[in-house]
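This report refers to the structure that appears directly beneath it.
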Number of protein chains: 2
Amino acid sequence: MYSACVPGTSDLGERPGAMAATGPAESVGFTLAQLGLETARRFGEVVGALGLEPRHFALLRAVGGAEGQSQQVIAEYLQIPASTMVAIVDHLELESLLERRLHPTDRRTRTLHLTAGGKTVLAEAMTLAMGLEDQICAGFEPAQRDRLLAMLRQVAGNLDVSLAALPDAGGHRPAHV
Amino acid sequence: MYSACVPGTSDLGERPGAMAATGPAESVGFTLAQLGLETARRFGEVVGALGLEPRHFALLRAVGGAEGQSQQVIAEYLQIPASTMVAIVDHLELESLLERRLHPTDRRTRTLHLTAGGKTVLAEAMTLAMGLEDQICAGFEPAQRDRLLAMLRQVAGNLDVSLAALPDAGGHRPAHV
DNA sequence: TATTGTTATACTCTATAACTATA
DNA sequence: TATAGTTATAGAGTATAACAATA
């Protein structure tokens, strides 16, 4: 993890120090990079209380929002290679938070589904995430927070960052239909 | 780098895919984490054109703003372990962008100084960073950009993130003086 | 005896590529 | 022949701890 050098980046896990401080406070870019890093780090701590790592949460959330999708589709959405996907799914399946099921027509494909426990843990994680959100936005009036979000969305647009969720399997039809 | 799972984190280098998309667009936390990640990634691309990695830029910048500080002080500021610091300093010294000098009174200590070339490269990198800044803030009027920065600073305060630079060696006096 | 910097090393994470089974 | 998923493996990056010189 050295993305921290921000605006270099860096990935953080629950690993200790990242190269963090880097930018002038007058720059939106530096500030965003630094806040993003710290936000991610805090989130890791928060979901860590549930025994989850950020990547596990990310997968639970993706599956929760797109029940029945294939591993491949979800891996592409999360922008991780197939081999990494296998490891994460293995981990969560071992903890009985999600399960692989056979695809109804294609026996090569595995579809992913949350278990009851997975839904519970995901809900708990979302609750904790909302608590962090409140901490992040402390002192903001609702209208101010909305303005901040609107500006951040504009920045996302400027950077071609998609904030969209993955449609569930039912929404996906073969192109030729 | 998997901090990308955002708000997991992650560090990014110039490495390809990071687990990126994760959060609902209605959350400041998720959005910040995602934008921070992308900003850091873009910055890595930008300074990469100068042959720098984000961590190299971070060190050049820290030294440029605190000429003559010891490796230890700067490593602490950057929140990286001493052994990592050695590797980065080695790299930049090999490229003649900075140099180690002997401390005037303590022969254990090395002080860090930018070379003329280092100053040039740092200035070029700052110019490129400003170009990225313009891209990030495209469509914002100056007053809007100021409002965004002010809000981000408030978030930084909420998260105890320091945006301060490191004082240079001259500003450091032993506590007992 | 404590501290600065260095070196050696072990560990984690990630991605590439080979492999199996299906289509 | 191509694709979904799996496994094996090699590489990068990081941190921990032992070490040398100096205080």
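To find a chain, count down the sequence lines: A is the first, B the second, and so on, and within it residues start at 1. The basis for the numbers below is simple: all heavy atoms, side chains too, and nothing from hydrogens, waters or symmetry mates.
Regarding contacts with the backbone of C:dT12, every side-chain N or O of A:R55 stays at 4.0 angstrom or more from both OP1 and OP2. Remark: A:R100 is in phosphate contact with D:dT6, judged by side-chain N or O atoms under 4.0 Å from OP1 or OP2. Within the 4.0 Å cut-off from OP1 or OP2 of C:dT14, not a single side-chain nitrogen or oxygen of A:T84 is found.
The distance from atom NE2 of A:H91 to atom C1' of C:dT12 is 15 Å, rounded to the nearest whole Å. Between the CD1 atom of A:I74 and the P atom of D:dA4 there is a distance of 14 Å, given to the nearest Å. Rounded to a whole Å, the NE2 atom of A:H103 is 11 Å from the C1' atom of D:dA4. One interatomic measurement links the two molecules: CD1 of B:I88 to P of D:dA12, which rounds to 16 Å at whole-angstrom precision. Rounded to whole angstrom, the span from the CG atom of B:L112 across to the P atom of C:dT4 amounts to 14 Å. Note: CD (B:Q79) to C1' (D:dA15) measures 15 Å, nearest angstrom. Atom pair A:I80:CD1 and C:dA15:P shows a separation of 9 Å (rounding to whole Å applied). The interatomic distance linking A:M85 (CE) with D:dA4 (C1') rounds to 12 Å, in whole Å.
Within 4.0 Å (heavy atoms only), A:T105 reaches sugar-phosphate atoms of the nucleic acid but no base atom. When heavy atoms are screened at a 4.0 angstrom cut-off, B:T109 is found touching the sugar-phosphate backbone but no base atom.
Remark on DNA chain C: of its neighbouring residues A:R110 and B:Q71, the 5'-side contact belongs to B:Q71, judged by nearest-heavy-atom nucleotide. Sequence order on DNA chain D of the closest nucleotides to A:R108 and A:A87 puts A:R108 first from the 5' end.
Among the nucleotides D:dA15, C:dT4, D:dG5, the one closest to any side-chain atom of B:P81 is D:dA15. Distance from the side chain of A:Q72 is smallest to D:dA4 among D:dT6, D:dA4, C:dT3. Candidate nucleotides C:dT7, D:dT7, C:dT14 were compared by shortest atom distance to the side chain of A:D90, and D:dT7 ranks first.
Under the side-chain contact (heavy atoms from CB on, under 4.5 Å) rule, B:L59 has a single partner from B:L122, B:L52, B:L98, B:I80, which is B:L98. Checked options B:T115, B:L112, B:L97, B:V63; the residue passing with B:L92 is B:L97 (criterion: side-chain contact (heavy atoms from CB on, under 4.5 Å)).
No more than 12 heavy atoms of other residues, nucleotides or ligands shown are found within 6.0 angstrom of CD on B:E76.
Taking a cutoff of 4.0 Å between a charged side-chain nitrogen and a carboxylate oxygen, B:E38 and B:R41 qualify as a salt bridge.
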- request: With salt bridge (charged side-chain N to carboxylate O under 4.0 Å, His left out) as the test, would you mind laying out the steps for B:R145 and B:E133 before giving the verdict?
  value: CA-CA 11 Å; B:R145 186 178 161 284; B:E133 176 79 2; 3.0 Å; yes
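Applying the 3.5 Å distance criterion, the base of D:dT14 shares no donor-acceptor pair with the side chain of B:S83.
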